[in-house]
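Heads up: the structure comes next, in C-alpha cells.
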Amino acid sequence: MRKNGRTLFEDLKYITRGMREFEIFLPGQLKLLFIYSAITMAIPYIGIYMTSVVINELSLQQRTSVLVVSVAAAILLTLILTIVAAFINKRISVGYNQLFPAHEIRLNEKANAMKFSLSEDEKIRELRDEVSGSINCSGAGMGSLYWDCETIFKALFSAVISIVLLALNIGINGITFEFSGTLFGVVNSVWGYLVLIVIIFISAAVSSKMTSKIFDVSFDVFKNGAKYNRYANYYKLEYLSDDKSAQDVRLYSQKNLIIDEVLNKCYIPFAKGDKREKDASSKNNGIMLLLSALTGGYVYILVGVKAMNGSIGIGNVLLIYSAVTMLIKALTDFAMTFTDLRNNNEHLIRYFNYISLEEEFSTKITSDDYKYAELRIDNVFFKYPGSKNYALKNVSLAIANGQKIAIVGANGSGKTTLVKLICGLYDVTEGTIKINDTIVSSQNRNKYEKWVTAVFQDFSLLALSVGNNISASNEYDELKVWDSIEKVGLKEKVEKYPKKLEQSLFKDYDDEGVELSGGEAQKIAIARGIYRDASLFILDEPTAALDPYAEYEIFTKMNEISQDKTTIFISHRLYSCKFCDKVIVMDDGEIVQVGTHDELVNVTGKYSEMWNAQAQHYVKK
Ligand code: ADP
C-alpha cells in the first residue's frame with residue numbers, strides 16, 4: 001500500500017533508519033524508552049487483575065489467605081515496578097531534554113563538515129531551515145519519531161498484555177453459532193465477537209484516516225512555515241540585531257516598512273495556517289470521542305451479557321471490560337501513530353537528505369608540516385554552482401616557493417574566485433591546481449590544509465578572547481600571538497587592555513569585552529593568518545578597511561609578515577605591487593598580463609591603465 005508515493009517497506013526503512021539515528025545523538029535512549037513503556041503498561045494491568053481475583057474470591061470461596069496474598073503481591077509488584085519506572089523516567093527526562101540541542105548540534109556539525117559550495121547554496125539553506133523548523137516549530141521529524149516510538153512501544157505492550165488476558169479469560173463457555181434475533185442472542189453468540197472485531201478495525205481505520213488528514217493540513221502549514229520563519233529570523237536575528245542596520249533603521253525610518261513586511265509575510269499567514277491546523281484537529285477529536293463512546297458502550301453490553309449468562313465470573317467483568325477497551329485503545333493508537341510515522345517520513349527524508357550531504361574532507365589533517373609551497377595552476381575553468389557563466393577561464397599560473405605574487409584587476413574579474421579555488425573551498429570545473437604536487441580539491445583538504453592560510457576581506461571574529469581568536473584554539477602560544485600582533489601593529493593597543501590577550505572581543509558574552517574598529521578587526525584577522533604560519537600565505541584585500549597610515553605600515557612590514565613564505569596578495573592599491581616579484585593582471589575571468597610592476601607599468605595594457613588612473617590622484621597638479 002503506497003502512501004505519499006512510498007511503499008510500506010520503504011516507509012519502514014526510513015523509520016528504522018531514524019531509530020538508528022537516535023543512537024548517534026541520543027545513545028541508549030530508545031532502549032530505555034522501550035523498557036519504560038513495558039513497565040508502565042504492565043502496572044495498570046496488575047491493578048485490574050488483582051481486583052478481578054479479589055472480586056471472584058469474594059463472590060465464591062472467600063478464602064482470607066488468597067485475598068491477602070493476592071493483594072500483597074499486587075501491591076508489592078506495583079511498588080517495585082513504579083520505583084523502577086520512576087528511576088528510568090528520570091533518565092529518560094534528562095535524555096529528552098537533550099533531544100532539541102542534540103538535534104541542533106548534529107545539524108551544525110553537518111553544516112561545518114559539508115562542502116563549502118553546498119553551504120552557500122540557497123536550496124541547502126532552505127533545506128536546513130526546513131529540517132530545523134520541522135522539530136522546532138511542529139516537533140516533527142526526529143521529534144515526532146521519538147514521541148511516536150514511545151506511543152508505539154506502549155501500544156504494542158498493551159495489546160500483547162490485553163490479548164493474553166483475554167485469551168485466558170474471554171469466557172467462551174456457552175457461546176453459540178446460532179443467530180437469534182434479540183440483542184442478547186447476538187451478543188451471546190460468535191457474532192458478538194465478530195461485531196467487536198469489526199468495531200475495533202473501523203475505529204483503527206477511522207483514526208488512521210483522521211491522522212492522515214490532520215497531517216496533510218499541518219504539513220502544508222509547515223512547508224509555508226519554514227518560509228515565514230526565514231523572514232522572521234532575517235529581521236529578528238540578522239537585520240535588527242546588527243548595529244549597522246540598527247543605524248539605517250533610524251536614519252531611513254525603516255520601522256513601518258519592516259513591521260508591514262513581518263506582519264504580511266510572516267505573522268498573518270502563520271496565524272491563518274495555525275487556525276487551519278487547530279480546526280482540523282478539533283474535528284478529529286470530536287469524531288474520536290464519539291467512536292470511543294460507541295465502542296465503550298458495546299463492550300459494556302458484551303461483557304454484561306456474558307456475566308448474565310454465567311460464561312464469565314463477576315470478577316472477570318472488570319478484567320475483560322478493561323482488557324477489551326485497552327486493546328481497542330492500543331490498536332487505534334498503533335494505527336494512528338503508525339500513520340503519523342509514515343507521514344512524518346516527509347520530514348525525516350528532509351533530515352536524511354541534509355545529513356547525507358557530501359562532506360568536504362576527513363577532519364584528520366594528514367599534511368606534513370613542512371615550510372615549502374609551490375603552486376601550479378593548469379588550464380583552470382570554473383563556474384559557480386548554479387551559474388551559467390564561467391567566473392574563470394583557462395587560467396594557468398606557476399608560483400615558485402617563496403615568491404610574492406600580486407593579483408590585480410577590476411571588480412568581478414575573478415581574483416577572489418581564484419584564491420578560493422586555491423584554498424579548495426570550491427572544486428575546479430576543469431583543469432588542475434596543485435600545491436607541492438598535491439591536487440587541490442575539497443575532498444583532499446586534509447592533505448594540504450596546513451600549507452595554506454588565507455585572510456579574506458569578509459572574515460569573522462568570534463566573541464572570545466584576543467588569544468583564542470588569533471590562535472583559533474583554547475590553548476595558545478603567547479609569544480607567537482604577541483609576535484603576530486606586533487607584526488600588524490596592534491601590540492601597543494592590546495597591551496593596554498586590562499586582560500591583555502585574555503581580553504574578550506565584543507560585548508556579546510562579556511560586559512568588559514572590547515569593541516573593535518573595522519581596521520582593528522582586520523588587523524586581528526591578518527594576525528590570525530600570521531599565527532598559522534603556513535607556507536602559502538594568501539591575503540585578499542587585507543588592507544581595505546585600514547587608514548592610509550595603517551595600510552602603509554602593513555605594506556612596509558609585508559616582507560616581515562610574509563617572511564620567506566610563498567605569498568599571494570590581492571589589492572586594489574597598485575602601490576603594493578611594487579613589493580611583489582610578479583604581478584598577475586586579471587580581466588573577465590582570464591589572466592591578461594603577467595610581469596613585474598616595472599615591466600607592466602611601461603607597456604600599454606590593463607595594468608598601465610589602472611596604474612595611470614590611480615596615479616592621477618597622487619600627482620600634484
Ligand atoms: P573579484 O574578486 O575580482 O572582485 P570575484 O572572484 O569575486 O571577483 O567574482 C568573479 C565573478 O564571479 C563575478 O562575476 C561574480 O559575480 C561571480 N561570483 C562571485 N561569487 C559568486 C558566488 N558565490 N556565486 C555566483 N557567482 C559568484
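Here the structure is a predicted model, which means the values were calculated and not measured. All ligand and atom numbering here is 1-based and tracks the order in the structure.
By the 3.5 Å distance cut-off applied to N or O atoms, Ser413 is counted among the residues near ligand 1. Inclusion of Ala391 in the set of residues having an N or O under 3.5 Å from an N or O of ligand 1 is not warranted.
The residues Arg106 and Glu21 are annotated as salt-bridged, a charged nitrogen and a carboxylate oxygen being separated by less than 4.0 angstrom. Residues Glu486 and Lys493 are not paired through a salt bridge, judged by the lack of any N-O separation under 4.0 Å between the basic side chain and the carboxylate. Contact check on Lys434 versus Asp378 returns no salt bridge, with no Lys/Arg side-chain nitrogen under 4.0 Å from an Asp/Glu carboxylate oxygen. Under the 4.0 Å criterion applied to side-chain N and carboxylate O atoms, Asp129 and Arg125 are not assigned as salt-bridge partners.
When heavy-atom distances to ligand 1 are checked against a 4.0 Å cut-off, Ala410 comes that close only through its backbone atoms N, CA, C and O. Contacts between Ser387 and ligand 1, counted as non-hydrogen atom pairs separated by less than 4.0 Å, are absent for every part of the residue.
Checking atom 15 (C) of ligand 1 against the protein gives no heavy-atom contact under 4.0 Å. Protein heavy atoms are found less than 4.0 angstrom from atom 7 (O) of ligand 1.
Not a single heavy atom of Gly409 sits under 4.0 Å from any atom of ligand 1.
Scanning the protein for heavy atoms near atom 13 (C) of ligand 1, the closest one is Gly412 O, 3.8 Å. Protein heavy atom at the shortest distance from atom 5 (P) of ligand 1 is Thr417 OG1, 3.5 Å. In terms of protein heavy-atom proximity, atom 17 (C) of ligand 1 is nearest to Tyr384 CE1, 3.9 Å.
For the residue pair Glu358 and Gln443, a side-chain donor N or O sits within less than 3.5 Å of a side-chain acceptor on the partner. For the residue pair His103 and Tyr351, no side-chain donor N or O sits within less than 3.5 Å of a side-chain acceptor on the partner.
Looking at Leu425, Thr416, Val419, it is Thr416 that brings a heavy atom closest to atom 2 (O) of ligand 1.
Tested against Ile422, the residues Thr417, Val440, Val380, Ile538 include a single side-chain contact (heavy atoms from CB on, under 4.5 Å) partner, Ile538.
Proximity of the aromatic rings of Phe382 and Tyr426 is defined here by a centroid distance below 6.0 angstrom, and this criterion is met.
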